[in-house]
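Heads up: the structure comes next, in structure tokens.
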Amino acid sequence: MITLRESTKRGFADHGWLKSFHSFSFADYHDPAHMGVGNLRVINEDRIAAGTGFGTHGHRDMEIVSYVLDGAIAHQDSMGNGSGDRTKPDGVIRPGDVQRMSAGTGVMHSEFNHAAGQTTHFLQIWILPDRRGIVPSYEQKHFDAAAKRGRLALVASPDGREASVTIHADASIRAGLFDADERAELPLDPKRISYVHLIRGALRVNDRPLAAGDAVCIEGEPALVLEGGEQAEVLVFDLAPPPN
């Protein structure tokens, strides 16, 4: 079964400094039919105006992944990341970077766009962890365009394989860039859920055409086929089904 989630039907919030599309219910946007998929709880497509950002706020018991498309985000947190401590990551997330923050027992952080005259465009992703109360942690890795060109590169996984970031959840994320005759096929476990989110461009997913911001939820299918890309950038989630 393949279910389309159209870009134009996502929730939208315009805060002036922040413009955000919500794939699933978030903050003031609530739709009982779209509360998440499997253990994937949030995909927000955010655009942060220059010189603005999210002030210090807290999270707990959530795996948070940031994927930057344009511009940069300056991240600081209560674990010391972004504080100038040379033993810690500098907290600046740029295009090609994947940041993972495990909130666990609780973490405070902020995210700002310090660039003059440039909007930061990124995806904020929340995945429910496989256990609560873990020690908070942070990880950041870079995946260049060549690693994603015409293929699905593993960027997040439960065991950090293939140099991906490690998320404490029964889920994985792959990223790909597709254009012209580039094609990828991925076998699927029909007992699990796949969620394909097209970030930009155009792409055919199992013969269904998607435009930027569209997504499909795939259940009970043997394979995923991506083809017919037009400057496409895509994320593919492999997700645990909800508990019985």
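- For the pair Pro95 and Gly71, the tightest heavy-atom approach, listed with the atom from each and the gap, is CD-O, 3.1 Å.
- Arg151 is not listed as a side-chain neighbour of Arg174, based on a closest heavy-atom distance of 4.5 Å or more.
- One finds the OH atom of Tyr67 at 16.0 Å from the CD atom of Gln124 (value rounded to the nearest 0.5 Å).
- Ring geometry for Phe21 against Phe12 counts as tilted: the plane angle lies between 30° and 60°, on a 0 to 90° scale.
- Side-chain atoms of Glu6 and Leu4, non-hydrogen and from C-beta on, do get closer than 4.5 Å to each other.
- Side-chain N/O atoms of Ser25 and Asp31 include no donor and acceptor closer than 3.5 Å.
- Using modelled atom types, one finds no donor on one side chain facing an acceptor on the other under 3.5 Å when comparing His30 with Asp28.
- A distance-only check finds a donor-acceptor pair linking the side chain of Asn206 to the backbone of Ala223 [under 3.5 Å].
- Using a distance-only test at 3.5 Å, with no hydrogens or angles considered, no donor-acceptor pair links the side chain of Glu139 to the main chain of Val165.
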- [ ] Dump the intermediate steps for side-chain hydrogen bond (donor to acceptor under 3.5 Å, both in side chains) on His75 and Gln99, then the final yes or no.
- [x] CA-CA 10 Å; His75 166 103; Gln99 176 215 56; 3.1 Å; yes
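- Ring centroids of Phe26 and Trp126 are separated by less than 6.0 Å, placing the two rings close together.
- Under the 4.5 Å side-chain heavy-atom criterion for Ile, Leu, Val, Met, Phe, Trp and Tyr, Ile48 and Val68 are members of the same hydrophobic cluster.
- When every heavy atom of Gly213 is checked against every heavy atom of Ser7, the shortest pair comes out as C-CB, 3.3 Å.
- Note: Met62 CE to Arg132 CZ = 9.0 Å, rounded to the nearest 0.5 Å.
- Contact annotation: the side chain of Val205 never approaches that of Val225 to less than 4.5 Å [non-hydrogen atoms, C-beta and beyond].
- Linking ILVMFWY residues whenever their side-chain heavy atoms come closer than 4.5 Å, directly or via other members, places Ile73 and Tyr138 in the same cluster.
- With hydrogens and angles disregarded, no donor-acceptor distance shorter than 3.5 Å links the side chain of Glu219 to the backbone of Ile2.
- The two residues Phe143 and Ala163 come nearest to each other via the heavy atoms CZ-O, 3.7 Å.
- Scanning all heavy atoms of the two residues, the minimum distance from Gly160 to Ser157 falls at N-OG, 2.9 Å.
- When the side chains of ILVMFWY residues are joined at heavy-atom separations under 4.5 Å, either directly or via intervening members, Ile93 and Val42 end up in a single hydrophobic cluster.
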TODO: Let me see the working for Leu123 and Asp46 under side-chain contact (heavy atoms from CB on, under 4.5 Å), right down to the final yes or no.
DONE: CA-CA 6 Å; Leu123 294 185; Asp46 291 344; over 6 Å; no
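- By the 4.5 Å heavy-atom criterion applied to side chains, Met108 and Thr56 are counted as neighbours.
- Remark: side-chain polar atoms of Asn39 are not paired, donor with acceptor, to backbone N or O of Ala169 under 3.5 angstrom.
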Open item on the list: Walk me through whether Ile43 and Phe237 qualify under side-chain contact (heavy atoms from CB on, under 4.5 Å).
Closed with: CA-CA 11 Å; Ile43 300 180; Phe237 298 83; 3.9 Å; yes
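- When atom types are taken as modelled, the side chain of Arg60 and the backbone of Thr105 share a donor-acceptor pair closer than 3.5 angstrom.
- Within the 3.5 Å criterion, the main-chain N or O of Gly96 finds no donor-acceptor partner in the side chain of Asp144.
- Criterion: ILVMFWY side-chain heavy atoms under 4.5 Å apart, direct or through other members. Under it, Phe122 and Val155 are not part of a common hydrophobic cluster.
- In terms of hydrophobic clustering, with Ile, Leu, Val, Met, Phe, Trp and Tyr side chains grouped at heavy-atom distances under 4.5 Å, Ile173 and Val236 are assigned to different clusters.
- Counting heavy atoms from C-beta on, the side chains of Ile199 and Leu235 come closer than 4.5 Å.
- Looking at Asp159 and Arg161, a side-chain N of the basic residue comes within less than 4.0 Å of a carboxylate O on the acidic one, giving a salt bridge.
- Inter-residue side-chain proximity for Val98 and Gln140 is flagged as unmet; no heavy-atom pair is nearer than 4.5 Å.
- Among Ser66, Ser137, Ser164, the one residue that satisfies the side chain to side chain donor-acceptor pair (under 3.5 Å) test with Arg100 is Ser137.
- Asp179 has no carboxylate O lying under 4.0 Å from a charged side-chain N of Arg149, or vice versa, which leaves the two without a salt bridge.
- Here the OG atom belonging to Ser194 is positioned 7.0 Å from the CG atom belonging to Leu186, to the nearest 0.5 angstrom.
- In this structure, CD on Glu227 lies 6.0 Å from CG on Asp207, to the nearest 0.5 angstrom.
- The backbone N or O of Gly176 sits nowhere less than 3.5 Å from a side-chain atom of Glu233 that would complete a donor-acceptor pair.
- Note that the CG atom of Leu18 and the CZ atom of Arg47 stand 10.5 Å from one another [nearest 0.5 Å].
- Between Glu45 and Arg10 there is a salt bridge, since a side-chain N of the basic residue sits under 4.0 Å from a carboxylate O of the acidic one.
- Rounding to the nearest 0.5 angstrom, the gap separating the SG atom in Cys217 from the CG atom in Leu239 is 8.0 Å.
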Open item on the list: Does His109 form a side-chain contact (heavy atoms from CB on, under 4.5 Å) with Gln76? I'd like the steps, not just the answer.
Closed with: CA-CA 5 Å; His109 80 137; Gln76 284 189 310; over 6 Å; no
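- Minimum interatomic distance between Ala74 and His114 (heavy atoms only, all atoms of both residues): CB-CD2, 3.4 Å.
- Electrostatic pairing of Asp97 and Lys141 does not count as a salt bridge here, judged by no charged N lying under 4.0 Å from a carboxylate O.
- Around CD of Glu162, the count of heavy atoms belonging to other residues, nucleotides or ligands within 6.0 Å exceeds 12.
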Open item on the list: Working note: Leu40 + Ile125, criterion side-chain contact (heavy atoms from CB on, under 4.5 Å); need CA distance, chi angles, decisive distance, verdict.
Closed with: CA-CA 8 Å; Leu40 174 61; Ile125 298 160; 3.8 Å; yes
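- The aromatic rings of His197 and Tyr195 lie parallel to each other, their planes meeting at an angle below 30°, with 60° marking the opposite boundary.
- Ring centers of Tyr29 and His34: at least 6.0 Å apart, outside the cut-off.
- With hydrogens and angles ignored, the 3.5 Å screen pairs no side-chain donor or acceptor of Arg183 with any backbone N or O of Leu226.
- Across Ala72 and Val92, no two heavy atoms sit closer than the pair CB-CG1, 4.3 Å.
- For the pair Asn44/Phe24, no side-chain contact is recorded, criterion being any heavy-atom separation below 4.5 Å from C-beta on.
- For the pair Arg200 and Asp70, the salt-bridge criterion is met [side-chain N within less than 4.0 Å of a carboxylate O].
- Residues Leu210 and Val216 meet the side-chain proximity criterion, which asks for heavy atoms closer than 4.5 Å.
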